[in-house]
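Report on the following structure.
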Amino acid sequence: MFKILKRKDLADTIKLFEIEAPLVAKKAKPGQFVILRIKEGGERIPLTIADYDGEKGSVTVIFQEVGKTTKDLGKLNEGDFISDFIGPLGTPVEFPHHKRVLAIGGGVGVAPLYPKVKMLHNQGAEVISIIGAKTADMLILEEEMKAVSDQLFICTDDGTKGHHGFVTDVLKDILSKDTEFDEVIAIGPPIMMKIVANITRPYKIPTMVSLNPIMIDGTGMCGGCRVTVGGETKFACVDGPAFDGHLVDFDELMRRQTMYKSEEQKSLALAEERGEHKCRLD
Amino acid sequence: MPVRLKKTEMPRQAPEIRRKNFKEVALGYSVEDAVKEAQRCLQCKNPQCVKGCPVGVKIPEFIKLIAEKDFYGAARKIKETNSLPAICGRVCPQEEQCEKYCILAKKGEPVAIGRLERFAADWEREKGIEKPEKPQKLGKKVAVIGSGPAGLTAAGDLAKLGYDVTVFEAFHEAGGVLVYGIPEFRLPKAIVKQEVEYIKSLGVDLKTNHVIGKVLTIDELFEMGYEAVFIGSGAGLPKFMGIPGENLNGVYSANEFLTRTNLMKAYNFPETDTPIKVGRKVAVVGGGNVAMDSARCAIRLGAEEVYIVYRRSEEEMPARLEEVENAKEEGIIFKLLTNPVKILGNDEGWVKGIECIKMELGEPDESGRRRPVPIKGSEYVIDVDTVIIAIGTSPNPLIPRTTPGLNTQKWGGIVADEETGKTSKEGVYAGGDIVTGAATVILAMGAGKKAAAAIHEYLQKK
Ligand SMILES: Cc1cc2nc3c(=O)[nH]c(=O)nc-3n(C[C@H](O)[C@H](O)[C@H](O)COP(=O)(O)OP(=O)(O)OC[C@H]3O[C@@H](n4cnc5c(N)ncnc54)[C@H](O)[C@@H]3O)c2cc1C
Ligand SMILES: Cc1cc2nc3c(=O)[nH]c(=O)nc-3n(C[C@H](O)[C@H](O)[C@H](O)COP(=O)(O)OP(=O)(O)OC[C@H]3O[C@@H](n4cnc5c(N)ncnc54)[C@H](O)[C@@H]3O)c2cc1C
Ligand code: FES
């Protein structure tokens, strides 16, 4: 059993949990993730390690409530326990020689972006960051990102804060004046990562994305997480989740993510019918 | 009284009923059945059956005890050499092992050794397993990686010898293939759980949710004070065919399909949270136990038509005979001498069919089986909406990659001595599917046993 040490609501549907998991905390590196299961009968879901504290023995995850499991998770409080917490999984990312990086985070994708930017900042690299959300209330980790970025641009789809529009608008704008980046890191909805990759491709700037296909074990034993990168099948849980964005087949990723759409709705509907989740309308 | 030529029948759920549920198919012998079957054993002076058993179960002895109605005694006799009899009685390929060598098989059917083993083990389970004596502690720590049959057996034996044993398991539940692969209707999970509880009652510390190579490496285990390590991490990496269309929605590896169904209990969805999509028509590619299990799960999950697509003929099928028969009774359609060449998708990227080519048997290959060769121009399409690839698995590289000094084969298996499980790295032993490639429960157990003995010898000398 793993204890929730701290809960912080970052937005209406986005929550931060600090979870006691000393062994995972000691080993975690930027780019890695955990798989958790709340209780017997629950689904195993992957969440990125947004931060970790080896001394305190804790791992921070940030999640958006999008379906049954993340909504169940969002109902837990400090002091509650979750039954399974497995990690650190995936291949860590390293940028030992990067001097200048452009980091882009969309929605809850800012959570997995943060540890990478923090690492780069601590290594002395210059980081320009762009973060975006649908609306100002859903913007996360603004202060944290500001603290580790040399420049921070903010965008909201509805214009309630920062630039009115998408992160990719700001990206285009920056690249039109300045292309001296060792890497562009983009994490967010697949469609955002796809557009970023398309924008950076003509400039030949290496572009790293982090993929989020459906996973079960996270150790390479099921193949459910397979993605096509450069024409080859890769298992995102062990070979990734970070990949060269210029080589990823995003359309396939998006298609595979919809595999259980009708089942996901059924699962949520049942929970709502039983009053486990409040319907947003009442 | 002349010896009866046929085995005593074991009651089973009728096919039309069992294809709609996940309950156990074979219901086991009654006391009368068991005694009657045990009486068929000739009690050979020089029993051949024992030679067919990878762990040398004292077969005539335990069968005699059943005939004498000493069922506890029978169970204890089996457990002298086999610590998981309720499991082996259900899943061992007896037709290729003990029963193959039974003298009675020359004229009729062999003694139903597997069914009797299961009977004795179930009888003991139901009446309550005797609490094991806590052994004298030796004050030495041993780590076991993986809780499949190899790991559980090694852990149990080492604990009985007095070692402080910790089992590290990647999944949230112990049992390996016994829980994630083999379905409930063939091996009820309550039985596996009970065996795991038994191992724990010996004092073994079971740590689930620990992926070795990620959260801890083998070198770190040594730093933590473990003096020897046994690796029983199985052959869990799924193989795909490399044909077009394998990443379409609706294509599963057997591992994923079975893990969702068995470990995550998707057959109870939405009562449990993990979904599965079975579709109306399903093609399972392969001819082993894994393929049979996938096909039989698919039928039970509500598929209307399920095909086994296998490139050789029935004779070469590696699946257990009994399971092939069961599958046929349940209405699985066998497309033999048929090989998939392409999976076809619709405009939205979902499977709509599988294109196959007919095969004929040519000259024998390295495995001694006749090589299937395609018949030119015989391609045809089977309409399906789900494809399950069950063509084998290979070892997960996670541990070898993070363990300097541990030698592996070209295909990824760990190099280990057949008799002791000793690897190229000091203090590290390995056994089961990670060494042999996908094999059987009993061979994995046997390897765990031998390694436990070798570890004991090593640590006594150390
Ligand atoms: C490596 C990785 C890191 C991730 N990191 C984060 C993170 O830091 N914060 C965050 O909010 N989300 C993260 N996700 C996504 C998160 O796992 C899903 O939102 C979550 O599983 C949804 O589950 P649900 O039951 O609430 O929703 P559902 O209604 O079941 O599903 C909603 C959508 O989530 C996806 N999804 C469903 N089940 C799974 C599954 N088992 N594995 C992966 N995706 C699934 C599907 O695309 C689905 O359409 C990550 C995913 C991956 C693969
Ligand atoms: C569907 C199916 C049906 C089968 N049917 C039969 C049958 O009827 N009869 C028969 O005799 N055999 C059958 N087999 C084969 C048999 O199950 C295997 O040969 C046997 O389970 C191998 O045992 P093992 O202990 O070596 O490995 P496994 O049972 O595979 O166990 C390995 C364990 O190690 C864990 N692990 C892996 N990597 C790590 C890590 N890095 N850290 C921690 N833990 C790790 C895994 O999660 C797993 O729990 C079947 C196999 C399958 C897949
Ligand atoms: S999640 Fe199963 S192989 Fe990646």
Side-chain angles (χ1 to χ4, degrees), chain A residues 2 21 23-24 26-28 32 34-45 67-69 72 83-90 214 216-228 233 235 238 249 251-264 266-271, chain B residues 169-173 177 180-181 207-217 220 233-240 242 246-260 263-266 268-277 345 348-350 389 393-398 401:
Chain A
F2 298 82
L23 283 180
V24 184
K26 215 161 107 190
K27 272 302 173 70
Q32 291 190 296
V34 295
I35 284 196
L36 62 80
R37 196 179 69 136
I38 300 173
K39 56 175 191 289
E40 194 62 41
E43 190 173 13
R44 293 168 64 101
I45 65 154
K68 169 80 166 62
T69 305
D72 282 348
S83 105
D84 307 288
F85 193 80
I86 302 127
L89 301 169
I214 294 176
I216 305 181
D217 54 294
T219 63
M221 70 75 69
C222 78
C225 63
R226 58 197 189 280
V227 290
T228 301
T233 295
F235 289 3
V238 285
D249 183 342
D251 294 337
E252 179 186 279
L253 172 71
M254 289 186 263
R255 163 166 61 68
R256 287 183 61 81
Q257 282 178 333
T258 63
M259 189 144 158
Y260 298 102
K261 231 185 177 92
S262 59
E263 285 76 12
E264 284 153 6
K266 209 192 269 175
S267 176
L268 202 54
L270 180 75
Chain B
E169 166 57 46
F171 264 125
H172 57 263
E173 213 170 300
V177 170
Y180 78 69
K207 290 196 186 299
T208 50
N209 298 329
H210 281 66
V211 183
I212 300 302
K214 284 290 177 188
V215 76
L216 290 168
T217 62
E220 283 167 333
S233 55
L237 221 60
K239 284 187 195 151
F240 285 91
E246 273 184 319
N247 289 353
L248 288 166
N249 288 10
V251 182
Y252 286 101
S253 73
N255 263 8
E256 179 180 1
F257 190 78
L258 291 170
T259 301
R260 283 181 180 272
L263 180 71
M264 305 312 294
K265 308 227 178 330
N268 280 335
F269 182 85
E271 290 299 326
T272 49
D273 292 341
T274 306
I276 195 155
K277 248 198 154 94
E348 279 91 51
W350 287 83
I389 314 276
T393 53
S394 58
N396 195 321
L398 212 56
R401 248 186 228 161

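Numbered from 1 within each chain, the chains take letters A, B, ... in sequence-line order.
Ionic pairing of A:Lys26 and B:Glu220 is not present here: no N-O contact between side-chain nitrogen and carboxylate oxygen is shorter than 4.0 angstrom.
Ranked by non-hydrogen atom pairs under 4.5 Å with chain B, the options A:Gly218, A:Ala28, A:Gly224 are led by A:Gly224. Comparing B:Gly236, B:Pro270, B:Pro275, B:Gly234 by how many heavy-atom pairs each has under 4.5 Å with chain A, the most go to B:Pro275. Between chain A and the options B:Thr272, B:Asn249, B:Thr259, B:Asn255, the largest number of non-hydrogen pairs under 4.5 Å is found for B:Asn249.
Across all their heavy atoms, A:Glu263 and B:Lys277 have their closest contact at OE1-NZ, 2.9 Å. What you find for B:Ser253 and A:Cys222 is that their closest heavy atoms are OG-O, 2.6 Å.
Applying the side chain to side chain donor-acceptor pair (under 3.5 Å) criterion to B:Asn396, with sequence neighbours excluded, gives no partner residue. Under the side chain to side chain donor-acceptor pair (under 3.5 Å) criterion, A:Thr228 pairs with A:Glu252, B:Asn247, not counting sequence neighbours.
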task: Walk me through it: do B:His172 and A:Asp217 pass the test side-chain contact (heavy atoms from CB on, under 4.5 Å)?
output: CA-CA 10 Å; B:His172 57 263; A:Asp217 54 294; over 6 Å; no
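When heavy atoms are compared at a cutoff of 4.5 Å, B:Phe269 approaches chain A solely by way of its side chain, counted from C-beta outward. For chain B, the nearby part of A:Ile214 is the side chain; its heavy atoms alone come within less than 4.5 Å. Using a 4.5 Å cut-off between heavy atoms, A:Phe85 touches chain B through its backbone atoms (N, CA, C, O) alone. Only the side chain of A:Ile216 comes within less than 4.5 Å of a heavy atom of chain B; its backbone N, CA, C and O stay farther away.
Side-chain contact between A:Ile86 and B:Phe171 is absent, with no heavy atoms from C-beta onward closer than 4.5 Å. Side-chain contact between A:Arg37 and B:Met264: present, with at least one pair of heavy atoms (C-beta onward) separated by less than 4.5 Å. Residues B:Glu348 and A:Arg255 are not in side-chain contact: their nearest non-hydrogen atoms beyond the backbone lie 4.5 Å or more apart.
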